[in-house]
Amino acid sequence: ERADLLVIAPATANTLAKLAGGIADNLVTESALAHAGPLVLAPAMNSRMWASPATQENMRVLRERGAHVVGPEEGELGEGGSGVGRMSEPAAIFECCQRLLAASGSLAGTRILISAGGTREPLDSVRFLGNRSSGRMGVALAAEAARRGAEVTLVAANLAVPAPAGVELIEVDSAAALGEAVLGREADVILMSAAVADYRPAAPESGKRRKSDESWTVELEPTSDVLLELGRRRRKGQLLIGFAADEGAAGLERAREKLRAKQVDLIVFNDIAQPGIGFDAEENEVVLISKSGETALARAPKREIAAGVLDAVERLRG
Ligand code: CTP
């Protein structure tokens with residue numbers, strides 16, 4: 001009664017035949033007959049059994065009724081030898097399930113743009129000024145938004161972790177490139193979780209700077225504030241979420257100020273003075289600041305924090 005989706009993996013020739021005939025003589029076939037939601041089948045069997053007219057006819061019937069079939073693949077078979085009949089890899093079956101669940105997700109049809117990671121500003125052709133952001137928070141947000149059915153674009157600056165599956169990935173390096181990528185896209189919701197450099201070397205050297213005994217003085221110039229620009233250009237109905245990494249009570253006060261100054265709908269504040277959270281950490285603990293009030297999300301893995309942030313986004317979208 002409660003399952004959103006039913007997966008049968010492996011689905012044998014026998015089970016497929018029972019499903020096609022509406023037979024319910026064991027827990028699997030009973031569950032399948034009583035299940036009203038999407039059904040995913042991952043057939044696995046001997047290649048001649050798969051090719052047999054009986055199995056092929058059963059598959060036709062099941063497909064016609066709306067079953068989603070993953071595989072089988074050609075490869076090594078359980079009984080030995082190889083041929084068509086090997087069950088698809090669990091990752092492929094899982095991806096199919098995710099895609100089906102996303103279609104009915106709470107953010108289905110919403111275009112979400114997320115910036116993640118930390119920008120790098122060149123000093124010369126091999127050195128840069130960077131920061132400690134790993135991109136974990138932005139990647140967790142992208143994965144959670146995709147799970148909820150959103151069309152996700154991830155503008156990624158130097159991630160230390162892999163980007164999630166099922167999102168459009170745009171890789172950038174510097175603050176300027178990140179700004180260009182973000183400002184050039186349409187979106188219903190923009191989450192600026194990237195740590196964007198506030199300053200960059202004013203005159204980066206073209207080749208590699210050679211070592212010498214003299215000191216090296218670098219002049220830094222301000223970068224443009226992407227979030228501020230997004231606030232200025234914002235069209236009606238678009239939601240803008242900024243992040244603030246700051247320290248202590250004074251930092252929280254500055255984050256509240258940022259909500260007004262940058263004209264955003266939500267600021268996600270995290271206190272970088274606390275050990276084990278925020279930059280380059282697995283966990284986070286944040287305060288969500290909006291015009292209508294503040295919510296503290298207790299220390300949790302970034303995946304859970306991402307879910308809390310997206311719950312707030314869904315509330316703001318009404
Ligand atoms: N941001 C941006 N463009 C920049 C710098 C920051 O879009 N050039 C965005 C970040 O992605 C983040 C928010 O602005 O969403 C952070 O604001 P910022 O004013 O940079 O605050 P902090 O860096 O947290 O603190 P400080 O005010 O000390 O710089």
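This is a predicted model, so every value here is computed, not measured. Ligands are counted one by one from 1 in listed order, and the atoms in each one are counted from 1 as well.
Look at E57 and R60 and you find a salt bridge, because one of the NZ, NE, NH1 or NH2 atoms lies within 4.0 Å of a carboxylate O, short of that distance. Salt bridge absent: R232 and D225 never bring a charged side-chain N and a carboxylate O closer than 4.0 Å.
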Donor-acceptor list for residues 303-314 side chains, cut-off 3.5 Å, not counting sequence neighbours:
residue: D311; atom: OD1; partner: R148; partner atom: NH1; Å: 2.9
residue: D311; atom: OD1; partner: R148; partner atom: NH2; Å: 3.0
residue: E314; atom: OE1; partner: S106; partner atom: OG; Å: 3.4
residue: E314; atom: OE2; partner: S106; partner atom: OG; Å: 2.8
residue: E314; atom: OE2; partner: R148; partner atom: NH1; Å: 2.9

Under 3.5 Å, sequence neighbours excluded: what are the donor-acceptor pairs made by side chains of residues 29-39?
residue: T29; atom: OG1; partner: D25; partner atom: N; Å: 3.1
residue: T29; atom: OG1; partner: D25; partner atom: OD1; Å: 3.4
residue: T29; atom: OG1; partner: N26; partner atom: N; Å: 3.2
residue: T29; atom: OG1; partner: N26; partner atom: O; Å: 3.3
residue: T29; atom: OG1; partner: N26; partner atom: OD1; Å: 2.7
residue: S31; atom: OG; partner: L27; partner atom: O; Å: 2.6
residue: H35; atom: NE2; partner: G37; partner atom: N; Å: 3.3
residue: H35; atom: NE2; partner: G37; partner atom: O; Å: 3.1
residue: H35; atom: NE2; partner: P38; partner atom: O; Å: 2.9

Quiz: residues 115-123 side-chain donor-acceptor pairs under 3.5 angstrom, not counting sequence neighbours:
residue: S115; atom: OG; partner: S193; partner atom: N; Å: 3.4
residue: S115; atom: OG; partner: A194; partner atom: N; Å: 3.2
residue: T119; atom: OG1; partner: E121; partner atom: OE2; Å: 3.3
residue: T119; atom: OG1; partner: A197; partner atom: N; Å: 2.9
residue: E121; atom: OE2; partner: A175; partner atom: N; Å: 2.9

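When heavy-atom distances to ligand 1 are checked against 4.0 Å, the residues falling inside are M192, A194, V196, A197, D198, T223, S224, D225, V226, L227, G242, F243, A244, A245, K258, K262, ordered by chain and number.
Around atom CD of E95, no more than 12 heavy atoms belonging to other residues, nucleotides or ligands sit under 6.0 Å away.
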